[in-house]
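We name chains A, B, ... by the order of the sequence lines, and we start the count at 1 in each one.
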Number of protein chains: 2
Amino acid sequence: MREMGSSQPTAVELEILRILWELEPCPVREIHARLNDAKGTNYSTTVKMLSVMLTKGLVKRDENATPHVYRAAMTRQRAAKQFLSELIEKVYDGSAMSLVLQALASGKASKPEIEEARRLLDEMEDKS
Amino acid sequence: MREMGSSQPTAVELEILRILWELEPCPVREIHARLNDAKGTNYSTTVKMLSVMLTKGLVKRDENATPHVYRAAMTRQRAAKQFLSELIEKVYDGSAMSLVLQALASGKASKPEIEEARRLLDEMEDKS
DNA sequence: TCTGGTTAGCGAAGATCTTCGCTAACCGAT
DNA sequence: ATCGGTTAGCGAAGATCTTCGCTAACCAGA
């Protein structure tokens, strides 16, 4: 059994969400074009996945438009936050910072991004 | 079909890995005690999961010891890095820094951790 | 109106993940 | 040696996820 209203997107679902974050609002045809390019998905499969995701509340659709257009039900930021929380909880036992350190240590970040991070660190230090 | 040697741990598998990261080397009995506390898992299930994970290469075991003892095949850091890479790739389209910023913005980090992060930022800036 | 292409949906099959019943091997104590 | 508890493993059932065949509704152009 599955709890209501809190399902994490599965692999394919996430793939579709990514497409939506880029293209929404977006008809099935375009979503399918992408999926098909990526891995030869049948059109029926795309439609089905969207219907499943609609049931789960992962996407919304406007049925007034023809053809129907879909949108992600949550923003990329929100989804990322959920993933991150899960990652922190599940792997780092709740220590957000050890994750950050690892990400920083992984080494790819541009100068302006580093500046931005530094500014954030300052803010955090003030608050604590 | 599934590729060899690159399988991400599933939910239960991750739960077991976490136990191992804390307790390894560790016999089934202890792993099971934890799982059972957490969600009433049958002993057979624990054994089976370990055997599956052994097949997948997610854990190693020492059969000389009696009872056999298990270890995680990868460190917590390594696993975290994989998850992180996947997260960055799948949700942030490859921008590591936007994830870092979000983690920082989430707000919980101790003073020494912040110092550590600042030092890392300095290093990165030197390199780039 | 008929026809062909597009759009939408159902239900079932195929994968993968998770659980456990049942059996067997093992080992220390009687 | 035998018994009873612990340890190990197989195979199949139950969940969930993913795919697609088939059918129907819709709509624009002949």
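Atoms CZ (R29(B)) and P (dC26(C)) sit 19 Å apart, rounded to a whole Å. Atom-to-atom, CD of E63(B) to C1' of dG9(D) comes out at 12 Å; the value is rounded to the nearest Å. Straight-line distance from the CD1 atom of I31(A) to the P atom of dT7(C): 12 Å, rounded to whole Å. When the C1' atom of dC10(C) is taken as reference, atom CG of L54(A) falls 15 Å away, rounded to whole Å. Atom CG of L50(B) and atom P of dC17(C) are 16 Å apart (whole Å). Across the protein-nucleic acid pair, E30(A) atom CD and dT7(C) atom P stand 10 Å apart, rounded to whole Å. In this entry the distance linking CE of M49(B) with C1' of dT19(C) reads 10 Å, nearest Å. If you measure from atom CE of M53(B) to atom C1' of dC17(C), you get 13 Å, rounded to the nearest angstrom.
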Which side-chain N or O atoms in residues 57-70 of chain B pair as donor and acceptor under 3.5 Å with protein atoms at least two apart or in another chain?
| residue | atom | partner | partner atom | Å |
| --- | --- | --- | --- | --- |
| R61(B) | NE | E63(B) | OE2 | 2.8 |
| R61(B) | NH1 | Y70(B) | OH | 3.1 |
| R61(B) | NH2 | E63(B) | OE2 | 2.9 |
| D62(B) | OD1 | N64(B) | N | 2.8 |

All N/O donor-acceptor pairs, side-chain side in residues 34-41 of chain B, below 3.5 Å, sequence neighbours left out:
| residue | atom | partner | partner atom | Å |
| --- | --- | --- | --- | --- |
| R34(B) | NH1 | E22(B) | OE1 | 3.4 |
| R34(B) | NH2 | E22(B) | OE2 | 3.2 |
| N36(B) | OD1 | T41(B) | N | 3.2 |

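The side chain of R61(A) places no N or O atom within less than 4.0 Å of a non-bridging phosphate oxygen (OP1 or OP2) of dT7(C). Contact annotation: T10(A) side-chain N/O to dT18(D) OP1/OP2 distance is under 4.0 Å. The side chain of H68(B) places no N or O atom within less than 4.0 Å of a non-bridging phosphate oxygen (OP1 or OP2) of dT7(D).
Among the atoms of the strands shown, only primed sugar atoms or phosphate atoms (P, OP1, OP2) are found under 4.0 Å from some heavy atom of V28(A). Among the heavy atoms of the strands lying under 4.0 Å from V12(B) are primed sugar atoms or P, OP1, OP2 only; no base atom is included.
With a 4.5 Å cut-off on side-chain heavy atoms, R71(B) and L20(B) do not count as touching. For the pair L50(B)/T46(B), a side-chain contact is recorded, criterion being any heavy-atom separation below 4.5 Å from C-beta on. Counting heavy atoms from C-beta outward, L14(A) and Q8(A) have side chains that stay 4.5 Å or more apart. Between E13(B) and T10(B) there is a side-chain heavy-atom pair separated by less than 4.5 Å.
Here the side chain of K39(A) is nearest to one of dC17(C), dT18(D), dT19(D), namely dT19(D). Taking only side-chain atoms of P67(A), from C-beta outward, the nucleotide of dT19(C), dA8(C), dT19(D) with the closest atom is dA8(C).
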*Determine, for nucleotides 20-27 of chain D in 5'-to-3' order, which nucleotides have protein heavy atoms under 4.0 Å from the base (write B), from only the sugar-phosphate (write S), or from neither (write -).*
BBB-----
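Here the closest non-hydrogen pair linking H32(B) and Y43(B) is NE2-N, 3.3 Å.
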